[in-house]
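I have placed the structure first, in the form of structure tokens, so that the comments after it can refer back to it.
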Amino acid sequence: MGVLKIRAEYEQSAAQAGQKKKKSVIFILLKAVLGFLILCLLGMALAFLLIFHGPLTGLKELYVTTAMTTYSHQYLATWFVSEEEINRIMEKNKVSEPKVNTDEKAVNVLKPIIEEKPALELVEVSGKGFQGYLLKVGNPQRVRLAATDQLGDRGLKVSEFVENNHAVAGINAGGFADPGGVSFGGTPTGILITEGKIIHKDNWETYSLIGITKHDVLVVGRYTLEQIEELGIRDAVSFGPALIVNGEPMITYGDGGWGIAPRTAIGQTHDGTILLLVIDGRQLGSLGATLKDVQDILIEHGAVNGANLDGGSSSTLVYEGEVKNKPSSPYGPREVPTAFIVLPEPLLAE
């Protein structure tokens, strides 16, 4: 009996020691977690002070411009920055309006030059915090604008535009009305021209135009309806801003005032090559790009004219039957009213 009693007392003592050890470990872990949270809060407080009340003005401006160019998250800027300062930041970073429109003569679309270039070339692009793709199309006649056949009701995914037109590639193009953020992408804004015909036109005095003429020259800028008809535009959408006009960059200070986001853009080099650019955003691998980033990429690849297209959740590039980029929408590629598509065969006449 004595042995059994001693054994029971030993087991009881061991159990008590184990419980104390377990409580001690839990206490240590809780202290560690609490200490980590305190450090995080201190770090956030320090970052807040440095960004909004300290020397990191560049980050504050990026934060403000990113928040203010969304429809549903502008409060993120107004929480921390006064309305007066927000207006100053937005004015300071905005893109300059082009003083003149595109000069068609600055681009030479000549068959001998086209035949010497690669027909299609897909290039990966990257920068500080973003990744994307640039598709170079040697023959500008292959680039056409496709519009949804349910105009005013529902758009299509870029992959559907490509498939329906037997194209080899495509990117989203113009913007659309999206009240409440629940649009099906069927109602374009501004002006919409396909195959030389105006198929949608808002009652505006001038239009922010991104178009391709019957001579296969990309023109960007602000045009009246009369100017559009005189130019002989074969395909066009309204969006912007214009980023490069006649070789001159429109953003000469700041980041363009639109913050960071997924981007889509179009450009053209002096020899006629069309540049189709898509940059991913709102994800860990690619936060997004500023308009200045987009402008710099287009210039780096020789663009003499270029403009920003609809971005955000709409940004999509389809190439050889697959979506090459990673659209930011959790529901996958978005439905849009228009897409610039690349036809499979050159169309230049002899």
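Just so it is clear, the structure is predicted and the values come from calculations on it, not from any experiment.
Dense packing is recorded around NZ of Lys136, with more than 12 heavy atoms of other residues, nucleotides or ligands lying under 6.0 Å away. Residue-environment remark: CD (Glu230) exceeds the threshold of 12 foreign heavy atoms within 6.0 Å. Atom CD of Glu205 has 12 or fewer heavy atoms from other residues, nucleotides or ligands within 6.0 Å.
Residue Leu134 comes nearest to Leu275 through the heavy atom pair CD1-CB, 3.9 Å, listed as atom of the first residue, atom of the second, then distance. Residues Ala177 and Thr189 approach most closely at N-CG2, 3.7 Å, considering heavy atoms. Between Asn165 and Ala146, the closest heavy-atom pair is ND2-CB, 3.8 Å.
Between the side chains of Asn172 and Ser314, no donor-acceptor pair of N or O atoms lies under 3.5 Å. There is no side-chain donor-acceptor pair under 3.5 Å between Ser329 and Arg334. Ser315 and Thr264 are linked by a side-chain donor-acceptor pair at a separation below 3.5 angstrom, with hydrogens and angles left out of the test. Side chains of Lys117 and Thr273: a donor-acceptor N/O pair is present below 3.5 angstrom, by distance only. Side-chain contact, Asp216 with Gln141: a donor N or O sits under 3.5 Å from an acceptor N or O. Asn246 and Asp103 share no donor-acceptor pair across their side chains, judged by distance under 3.5 Å alone. Between the side chains of His200 and Asp202, a donor-acceptor pair is found at a separation under 3.5 Å. A donor and an acceptor atom, one from each side chain of Glu104 and Thr213, are located under 3.5 Å apart.
For the pair Arg142 (side chain) and Pro344 (backbone), a donor-acceptor distance under 3.5 Å is present. Looking only at distances, no side-chain donor or acceptor of Thr206 sits under 3.5 Å from a matching main-chain atom of Arg222. Here the side chain of Glu121 pairs no donor or acceptor atom with the backbone of Val137 at under 3.5 angstrom. At distances below 3.5 Å, at least one donor-acceptor pair connects side-chain atoms of Ser238 with backbone N or O atoms of Ile191. A donor-acceptor pair under 3.5 Å is absent between the side-chain atoms of Asn305 and the main chain of Val219, judged by distance alone. At least one donor-acceptor pair under 3.5 Å links the side chain of Asp255 to the backbone N or O of Gly257. Side-chain atoms of Gln283 come within 3.5 Å of backbone N or O of Gly281 as a donor-acceptor pair. Put simply, the side chain of Glu160 gets close to the backbone of Lys157: a donor and an acceptor are under 3.5 Å apart. Under a 3.5 Å cut-off, the side chain of Glu229 and the backbone N or O of Glu226 do not form any donor-acceptor pair. In this structure a side-chain-to-backbone donor-acceptor pair under 3.5 Å is missing from Asp310 to Ala173.
Taking CG from Leu277 and CD1 from Ile297, the interatomic distance works out to 5.0 Å, rounded to the nearest 0.5 Å. Note that the OH atom of Tyr133 and the CG atom of Leu122 stand 7.0 Å from one another [nearest 0.5 Å]. One finds the CD1 atom of Ile260 at 15.5 Å from the NZ atom of Lys292 (value rounded to the nearest 0.5 Å). In this structure, Arg154 CZ and Asp149 CG are separated by 11.5 Å, a value rounded to the nearest 0.5 Å. Atoms OG1 and CG, on Thr102 and Leu231 in that order, are 9.0 Å from each other to the nearest 0.5 Å. Rounded to the nearest 0.5 Å, atoms CG (Asn325) and OH (Tyr319) are 14.5 Å apart.
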Carefully, step by step, assess Ile210 and Leu218 under the rule side-chain contact (heavy atoms from CB on, under 4.5 Å). CA-CA 7 Å; Ile210 303 169; Leu218 176 71; 4.1 Å; yes
Take Arg263 and Trp258 through the test side-chain contact (heavy atoms from CB on, under 4.5 Å) and record every step on the way to the result. CA-CA 11 Å; Arg263 302 288 180 203; Trp258 286 28; 3.6 Å; yes
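One finds no salt bridge joining Glu195 and Arg234 here, because no Lys/Arg side-chain nitrogen approaches an Asp/Glu carboxylate oxygen to under 4.0 Å.
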